[in-house]
Amino acid sequence: MELLKEKILKEGRVLSDSVLKVDSFLNHQIDPLLMKEIGDEFANRYSDEVITKVLTIESSGIAPATMLGLTIGAPVVFARKRKSLTLADNLYSASVHSFTKNETNEISVSKDYLCEDDNVLIVDDFLANGEAVKGLLDIAEQAGAHVIGVGIVIEKGFQQGGQQLREQGIRIESLANIKSLTNGKVEFFD
Ligand code: G4P
Ligand code: NA
Ligand code: NA
């Protein structure tokens, strides 16, 4: 997605060989017009499918997921990272280990908002090692829902998550796929 790649080149800051900071439009301040374009792009890429629910994880997945939900007229559910006060027996939950942050979070979704009739598209802001997506897949499976695929705003293709998930036969559409962040420079695939 050209508009997104231009925005990354203009406003992204390379913090290290593996971390890209995009706080000006995605992870802290949000650019709503760009998010709307991102939602439309996900809708276009998956226009061959009927999506009944968009599934994401708080916090930074919510903006792009909501814009997709707005475009296609489907509800958006976000997995929570902290246990809610509701009884755990009404929750699907999975553990998500972040190698970047070296911490494990329990993520959960209420059984009220995901069921076996759902055709789910998973959305997230970043795909690195794929742990968050694997947790969301686990939750969708517990619900007996059908997962159509995954929509990612920024994939770091030099990390292993995307390859591992594609090898499992999961359809992943990433709108910008980064080949390298070395020497302080962002390089995209094709
Ligand atoms: P993984 O899910 O693909 O395994 O990713 P990882 O554990 O490496 O990522 C942990 C958190 O860091 C996630 O956000 C993820 O979106 C974010 N992240 C990973 N790589 C980058 C990067 O290069 N730049 C930025 N800006 N973020 C990155 P989170 O902890 O779930 O936080 P939130 O932003 O959604 O609240
Ligand atoms: Na995220
Ligand atoms: Na994030």
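Each ligand, and each atom within it, is numbered from 1 in the order the structure gives. Owing to the predicted nature of the structure, the values given are computational and were not obtained by experimental measurement. We're numbering straight along the sequence, starting at 1.
Within ligand 1, counting atoms from 1 as listed, the ones closer than 4.0 Å to a heavy atom of Lys101 are 29 (P), 30 (O), 32 (O). Near Ala132, meaning under 4.0 Å from any of its heavy atoms, are these atoms of ligand 1: 2 (O). Remark: ligand 1 atoms within the under-4.0 Å shell around heavy atoms of Lys81 are 29 (P), 30 (O), 31 (O), 32 (O), 33 (P), 35 (O), 36 (O). Residue contact check: Phe99 has heavy atoms under 4.0 Å from atoms 7 (O) of ligand 1. Atoms of ligand 1 lying under 4.0 Å from any heavy atom of Thr100, numbered from 1 in the order shown and given with element: 6 (P), 8 (O), 9 (O).
Residue-environment remark: CZ (Arg13) stays at or below the threshold of 12 foreign heavy atoms within 6.0 Å.
Taking 4.0 Å as the cut-off, Gly161 does not count as a neighbour of ligand 1 on heavy-atom distance. At least one heavy atom of Ser18 sits less than 4.0 Å from an atom of ligand 1.
Neither the backbone nor the side chain of Gln159 comes within 4.0 Å of ligand 1, counting heavy atoms alone. Counting heavy atoms under 4.0 Å from ligand 1, residue Asp125 touches it through the side chain alone. Only the side chain of Asn27 comes within 4.0 Å of ligand 1, judged by heavy-atom distances.
By the 3.5 Å distance cut-off applied to N or O atoms, Gly61 is not counted among the residues near ligand 1. Polar contact with ligand 1: present for Leu20 (N/O pair, distance under 3.5 Å). Backbone and side-chain nitrogen or oxygen atoms of Ser59 are examined, and one is located within less than 3.5 angstrom of a nitrogen or oxygen of ligand 1. Looking at Ala128 next to ligand 1, an N or O pair under 3.5 Å apart turns up.
Judged purely by distance below 3.5 Å, without hydrogens or angles, the side chains of Asn119 and Thr52 never pair a donor atom with an acceptor atom.
With respect to the salt-bridge test (charged N to carboxylate O, under 4.0 angstrom), the residues Glu58 and Lys81 do not qualify.
Distance check for Glu58 against the Na ion (ligand 2): none of its N/O/S atoms falls below 3.0 Å.
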